[in-house]
Amino acid sequence: MRKWMLKWNLPTLPSGLYLLFILLVGSVCLACNDRTPEQLAAIMNCSKHERHTRNYDYMEGGDVRVRQLFSRTQWFLTIDEAGRINGTQDDTNCYSILEIRTVSEGGVLAIKGVKSQYYIAMNKQGRLYGKKTYSEDCNFKEVFLENYFNAYSSAKWTNNGKEMFISLSHKGVPLRGKRTKKEHVTSHFIPMKCKEEKRVD
């Protein structure tokens with residue numbers, strides 16, 4: 001009786017593993033190529049600065065953009081080392097570089113100063129202030145307007161059912177949310193990409 005013996009074709013085994021390795025590397029590269037340099041830089045910054053302050057799991061996977069918010073009143077939104085929010089007309093001001101992170105569905109996001117590491121927050125009275133640790137006061141809804149500007153309203157607080165917006169006056173001073181409307185030019189912003197030389201470490 002003939003005995004059947006199973007013979008391994010050894011030369012093909014390494015080839016199969018090699019092919020599998022190529023496919024895995026290719027998929028990782030494609031995933032990385034989907035991210036812009038701004039997103040990659042922001043993710044690196046988050047891993048260095050935010051790891052000890054995060055207490056909301058859904059922020060871990062949020063989409064990140066690094067932008068300057070330029071108001072229709074001709075001011076860049078800033079948040080400084082003391083958590084003060086103002087406007088500047090100096091487009092190289094490092095406090096105007098902001099990290100905009102999606103925190104939940106429906107266009108809800110958090111805005112954080114890359115240099116100061118303060119979040120922009122709004123309280124019940126509609127006052128803007130800086131906050132070192134993230135909370136629901138830091139949540140804003142991004143509204144896309146027909147004039148190609150964006151508006152940012154508090155996701156938590158309203159004034160008798162009316163939305164309250166991040167807003168900079170014609171003098172570059174933040175307005176109380178109770179005095180703002182979506183139609184006001186003071187509430188309109190353009191998210192502008194940051195040039196490489198403006199970045200902060």
Side-chain angles (χ1 to χ4, degrees), residues 31-71 75-88 91 93-123 126-145 148-157 163-168 174 177 182 187-196 198-201:
C32 291
N33 287 338
D34 286 342
R35 295 193 179 275
T36 64
E38 290 85 5
Q39 291 171 332
L40 291 172
I43 289 169
M44 290 178 67
N45 285 338
C46 290
S47 64
K48 288 189 293 185
H49 301 295
E50 289 186 5
R51 193 172 299 279
H52 63 287
T53 60
R54 288 181 181 166
N55 52 6
Y56 286 78
D57 292 340
Y58 57 73
M59 290 190 70
E60 293 288 342
D63 175 60
V64 176
R65 294 169 284 161
V66 177
R67 297 287 187 269
Q68 290 175 293
L69 289 181
F70 186 61
S71 169
W75 298 89
F76 290 94
L77 186 68
T78 65
I79 181 162
D80 66 18
E81 295 281 4
R84 291 183 296 257
I85 297 164
N86 279 297
T88 180
D91 68 344
N93 187 314
C94 60
Y95 295 113
S96 69
I97 310 298
L98 305 172
E99 177 187 284
I100 302 174
R101 177 185 294 276
T102 302
V103 295
S104 69
E105 295 180 359
V108 177
L109 46 81
I111 303 170
K112 182 179 182 181
V114 172
K115 174 71 173 175
S116 67
Q117 292 293 294
Y118 270 96
Y119 290 95
I120 295 176
M122 183 181 285
N123 66 14
R127 184 179 68 85
L128 290 176
Y129 68 101
K131 204 168 186 299
K132 268 292 186 183
T133 54
Y134 171 84
S135 73
E136 289 187 358
D137 280 2
C138 307
N139 285 350
F140 292 91
K141 290 184 287 185
E142 187 173 39
V143 181
F144 300 100
L145 306 173
Y148 301 104
F149 286 85
N150 294 355
Y152 301 90
S153 66
S154 172
K156 182 177 183 182
W157 303 112
E163 293 177 300
M164 297 193 290
F165 292 86
I166 295 176
S167 186
L168 287 177
K182 182 170 65 177
S187 303
H188 297 179
F189 292 87
I190 292 180
M192 299 177 66
K193 287 188 177 181
C194 308
K195 293 181 181 177
E196 197 66 34
K198 294 181 187 175
R199 301 284 178 78
V200 292
D201 296 326

Quiz item: Atom CG in Leu128, atom CD1 in Ile111: separation rounded to 0.5 Å?
Solution: 9.5 Å
Self-check item: side chain to side chain contact (heavy atoms under 4.5 Å, CB included) between Arg67 and Lys193, intermediate numbers included
Solution: CA-CA 5 Å; Arg67 297 287 187 269; Lys193 287 188 177 181; 3.7 Å; yes
Self-check item: Gap separating the CZ atom of Phe70 from the OG1 atom of Thr88, nearest 0.5 angstrom
Solution: 10.5 Å
Self-check item: Which residues share a side chain to side chain donor-acceptor pair (under 3.5 Å) with Ser96, sequence neighbours left out
Solution: Gln68
Exercise. Compare every heavy atom of Asn93 with every heavy atom of Tyr95, then report the nearest pair and how far apart it is.
Key: N-OD1, 2.8 Å
Quiz item: Is a donor on one side and an acceptor on the other found under 3.5 Å between the side chain of Ser187 and the backbone of Lys182?
Solution: no
Self-check item: Least distance between heavy atoms, Cys138 atom then Tyr119 atom
Solution: SG-CB, 3.6 Å
Quiz prompt | Phe149 CZ to Ile190 CD1 distance, which is reported to the nearest 0.5 Å | solution = 4.0 Å
Exercise. Test Trp157 against every option in Asn139, Asp137, Asn123 by the side chain to side chain donor-acceptor pair (under 3.5 Å) rule and name the one that passes.
Key: Asp137
Quiz item: Of the non-hydrogen atoms in Phe144 and Asn150, which two are nearest, and what is the gap between them?
Solution: CD2-OD1, 3.3 Å
Self-check item: Atom pair CD/SG of Glu99 and Cys194 - distance to nearest 0.5 Å
Solution: 11.0 Å
Exercise. Measure from NZ or CZ of Lys112 to the centre of the six-membered ring of Tyr118 and say whether it is under 6.0 Å with the direction within 45° of the ring axis.
Key: no
Self-check item: Separation between CG of Leu69 and OG1 of Thr78, rounded to the nearest 0.5 Å
Solution: 11.0 Å
Practice problem: State, to 0.1 Å, how close Asn86 and Pro174 come at their nearest heavy-atom pair, and which atoms those are. | Solution: OD1-CD, 3.8 Å
Quiz prompt | Considering all heavy atoms, the nearest Phe165-Met122 contact | solution = O-CE, 3.6 Å
Quiz item: Who passes salt bridge (charged side-chain N to carboxylate O under 4.0 Å, His left out) against Lys131, sequence neighbours left out?
Solution: none
Practice problem: Check for a donor-acceptor pair, side chain of His188 on one end and backbone N or O of Ser167 on the other, with a separation under 3.5 Å. | Solution: no
Self-check item: Working for side chain to side chain contact (heavy atoms under 4.5 Å, CB included), residues Leu109 and Arg65
Solution: CA-CA 11 Å; Leu109 46 81; Arg65 294 169 284 161; 3.5 Å; yes
Practice problem: Walk me through it: do Ile79 and Leu98 pass the test side chain to side chain contact (heavy atoms under 4.5 Å, CB included)? | Solution: CA-CA 9 Å; Ile79 181 162; Leu98 305 172; 4.1 Å; yes
Quiz item: Looking only at heavy atoms, which two atoms of Phe140 and Ile120 are closest? And how far apart?
Solution: CE1-O, 3.2 Å
Practice problem: Give, for atom CZ of Phe189 and atom CZ of Phe76, the distance between the pair rounded to the nearest 0.5 Å. | Solution: 11.5 Å
